[in-house]
Amino acid sequence: MISRLWAKIGKPSPQTAESPQPDRVPQHVAIIMDGNGRWAKKRGLPRIAGHHTGMKAVKRAVKEADRLGVKYLTLYAFSTENWKRPKDEVDFLMKLPQQFLALELDELIEKNVQVRMMGSKEDLPSYTIDALEEAIARTADNTGLVLNFALNYGSRKEMLDAVKEIAEDAKAGRLSPEDIDEQLMNARLLTGGIPDPDLLIRTSGELRLSNFMLWQLAYSELWFTDVYWPEFNEAHFQEAVMQYQRRKRRYGGL
Ligand code: IPE
Ligand code: IPE
Ligand code: MG
């Protein structure tokens with residue numbers, strides 16, 4: 001009765017307002033995990049405390065994505081521009097993948113999660129690469145959620161590298177300019193076989209992309225929250241997905 005009344009006045013029924021619908025879950029969710037430093041500052045703590053607590057939010061986001069039936073979760077963990085930060089902070093950030101995986105890899109394996117990484121391995125310390133490569137190798141055959149860490153990732157570098165590779169192929173006669181289309185570009189980007197994000201989430205109140213997946217986000221739905229990343233929880237994730245489910249995607253059509 002109540003839900004019929006809601007339907008009549010054009011609002012979602014109380015039930016659908018509380019949790020995402022199991023159909024129409026975004027296949028690929030990408031997150032710009034921002035606001036660790038401000039979260040710490042607000043508490044009188046050093047910035048690295050925000051990064052440390054941010055790992056717990058990563059764990060929550062992975063679990064919630066998996067529970068909701070999201071197929072790909074891409075997390076922006078370190079940008080090509082983040083090297084500009086003080087050395088101590090960069091060093092701390094570089095140790096996080098190893099720390100996170102030491103704590104979580106067994107559970108990720110148990111949950112059938114496949115770990116991937118997108119970004120440049122150049123300049124990454126060997127312990128960071130080793131931890132990621134071990135996780136990638138040990139989860140390569142898993143068929144559940146794909147957990148893609150964007151680490152030392154920058155969209156402009158990604159596109160320039162792809163363009164250089166294409167130019168080399170053209171110069172060597174392996175392809176001609178007519179072969180260069182969206183499909184070829186998609187294949188040459190670091191996202192390879194991963195579909196474009198359906199939903200982009202950015203925390204901390206900043207309303208920008210900060211060099212993240214500029215090509216792939218062409219038609220993604222964007223959702224911003226003022227919540228700082230270390231506070232991001234299951235309810236926020238659900239709210240983003242519910243907002244996504246209320247949107248009408250048009251891709252330039254009607
Ligand atoms: C996001 O939090 C983590 C990384 C960029 C590595 P920030 O460190 O950017 O935190 P704010 O934006 O300064 O608060
Ligand atoms: C984007 O956040 C990068 C990551 C979340 C890893 P930043 O904090 O680096 O972005 P800006 O500097 O505010 O644009
Ligand atoms: Mg930031």
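Just so you know, residue 1 is the first one in the sequence shown, and it goes up from there. We count ligands from 1, going down the list as the structure has it; atoms in each ligand are counted the same way.
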(message) Arg174 vs Glu165, test: salt bridge (Lys or Arg N to Asp or Glu O under 4.0 Å). Steps then yes/no.
(response) CA-CA 11 Å; Arg174 288 188 290 267; Glu165 210 185 87; over 6 Å; no
(request) Under 4.0 Å, heavy atoms only, figure out whether ligand 1 is touched by the backbone of Glu206, its side chain, both or neither. (result) neither
(request) Around atom 9 (O) of ligand 2, find the nearest protein heavy atom and jot down its residue, atom name and distance. (result) Asn82 ND2, 2.9 Å
(message) Quick one about His28 and Thr74 (side-chain donor to acceptor, distance below 3.5 Å, no hydrogens or angles considered), yes or no?
(response) yes
(request) Return yes when atom CZ of Arg24 has more than 12 non-hydrogen atoms of other residues, nucleotides or ligands closer than 6.0 Å, and no otherwise. (result) yes
(request) Mark the output for Lys84 as yes if a heavy-atom distance to ligand 2 is under 4.0 Å, and as no if none is. (result) no
(message) Within the 4.0 Å heavy-atom shell around Phe78, which atoms of ligand 2 are there?
(response) 6 (C)
(request) Give a yes or no on whether Lys41 atom NZ has more than 12 heavy-atom contacts from other residues, nucleotides or ligands under 6.0 Å away. (result) no
(message) Can you confirm, on distance only, whether ligand 1 has an N/O atom lying under 3.5 Å from any N/O atom belonging to Arg47?
(response) yes
(request) Please report which non-hydrogen protein atom sits nearest to atom 10 (O) of ligand 1, along with the residue it belongs to and the distance in Å to one decimal place. (result) Gly37 N, 2.9 Å
(request) For atom 1 (C) of ligand 1, grab the closest protein heavy atom and report residue, atom and distance to one decimal in Å. (result) Met33 O, 3.0 Å
(request) Please state which part of His51 comes within less than 4.0 Å of ligand 1, counting heavy atoms only: side chain, backbone, both or neither. (result) side chain
(message) Suppose we only count N/O/S atoms under 2.8 Å; would Asp34 qualify as near the Mg ion (ligand 3)?
(response) yes
(request) Would you check whether Arg38 has a nitrogen or oxygen atom less than 3.5 angstrom from a nitrogen or oxygen atom of ligand 1? (result) yes
(request) For Arg208 and Phe224, work out which heavy atoms get closest and say how close. (result) N-CE2, 4.2 Å
(message) Tell me the nearest of Arg202, Glu81, Arg208 to atom 2 (O) of ligand 2, using heavy-atom distances.
(response) Arg202
(message) Looking only at protein heavy atoms, which one is nearest to atom 8 (O) of ligand 1, and what is the separation?
(response) Arg85 NH1, 2.7 Å
(request) With heavy atoms only and a cut-off of under 4.0 Å, state how Ala77 meets ligand 1: side chain, backbone, both or neither. (result) backbone
(message) Among Gly154, Ala150, Ser210, which one puts a heavy atom closest to atom 14 (O) of ligand 2?
(response) Ser210
(request) Please determine which of Glu234, Glu107, Glu64 meets the salt bridge (Lys or Arg N to Asp or Glu O under 4.0 Å) test together with Lys59. (result) Glu107
